[in-house]
S.K.: 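Take this structure, written in structure tokens, and hold onto it; I'll ask about it next.
All residue numbers in this chain count up from 1 along the given sequence. As the structure lists them, so they are numbered: ligands from 1, and atoms in each ligand from 1.
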Amino acid sequence: MAEHGIALGIDLGGTSVKVGVVNRAGEILSRGVRPTEVEKGPSGVAENIALAVEDALQAAGMQLSGLDGVGVGTPGICDAARGVVVSSGNLNWKNVPLADLLQRRLGVPVRLENDANCAGLGEQWCGAARGHDHVILYTLGTGVGGALILGGRIYGGATGWAGELGHIRVAPGGPACTCGLQGCLEAVSSATAMAREGREAVAAGRSPAMARLAAEQGGRLDARVVITAAREGDPAAQQILRQAGEYLGIVSAMLVSALNPELIVVGGGASHAGDFLLEPMRRVIAEQAMPGPASIVRVVQASLGNDAGLIGAATLIWRWAVQNRGRS
Ligand SMILES: [Zn+2]
């Protein structure tokens, strides 16, 4: 089949479905957004995805027949080869054959991958990790997602759980994590964790700057407040980011010694903290990883923002075609 050079990327989240028509340069030509409506179950969600797809195609003046296929980034654990969402807490799904559901509805090839893995693939295709085959990616948002790109491909492990970097325990006795463990990286370095630390600092009277910035947005203290206060020179906010960066550095140092990556990419909303977060990471990696691999690895901020997952999902179609060339 001749390639059109256009695919659809889907970022399936717990609250909304974001769709983009994407070309091979990673440019988003048009978009569609619909609510996920998790309560409607897998077939209802698949229908909402199809509607968002139609919105995006209409906006681009295109039809499904003009696409190479559809790639979907989903929260949770995926069996990419079978196109099954094995387990997703956000969607409340177990063993949902989403690729089949969508393929029947849309009539084009559909591929699935975990959402953080898609963000890694997007950054590797046309973002901060372009041209690199050995990459570790973190996404710092509500939680901490991770992706391991080894030898140019996503490493999923024996059963798809590899790359769950947010649930590596880094602070024994630390805060409870959503997974049921304590002191996971997600519990100390996510945007949620930064906001929690910020609220504690304000409650203890240690940060007039964060108190003022939160008051300016109706009392809501999120990671953005912490980052803005840090830029203004607030010591408490800078300390919160330094600590989050040090924990990321501890996990990264182990991964650098184990996997010898060229690049560590930090994405997600909280990555806008930039060097407040990345400098402590670099320092801890230099202190704790083996000197050989530590000397070559670079730690950088992601460059595609919120679109990394969507673009990476679209590229699943082209990667799949290359990996399976000659098989069918
Ligand atoms: Zn956890």
S.K.: State which residue, out of Arg298, His134, His132, fulfils the side-chain hydrogen bond (donor to acceptor under 3.5 Å, both in side chains) condition with Glu262.
M.R.: His132
S.K.: Please find the pair of heavy atoms, one from Val108 and one from Gln103, that lie closest to each other, and give the distance.
M.R.: O-CG, 3.1 Å
S.K.: Can you tell me if Glu123 uses its side chain to pair, donor with acceptor, with the backbone of Ala128 under 3.5 Å?
M.R.: yes
S.K.: Scan side-chain atoms only and decide if Tyr138 and Ser252 contain a donor-acceptor pair under the 3.5 Å cut-off.
M.R.: yes
S.K.: With a 3.5 Å cut-off and no angle check, do the side chains of Arg319 and Gln124 form a donor-acceptor pair?
M.R.: yes
S.K.: Can you list the protein N, O or S atoms less than 2.8 Å from the Zn ion (ligand 1)?
M.R.: His167 ND1, Cys177 SG, Cys179 SG, Cys184 SG
S.K.: For atom CZ of Arg82, decide whether the heavy atoms of other residues, nucleotides or ligands shown that lie under 6.0 angstrom number more than 12.
M.R.: no
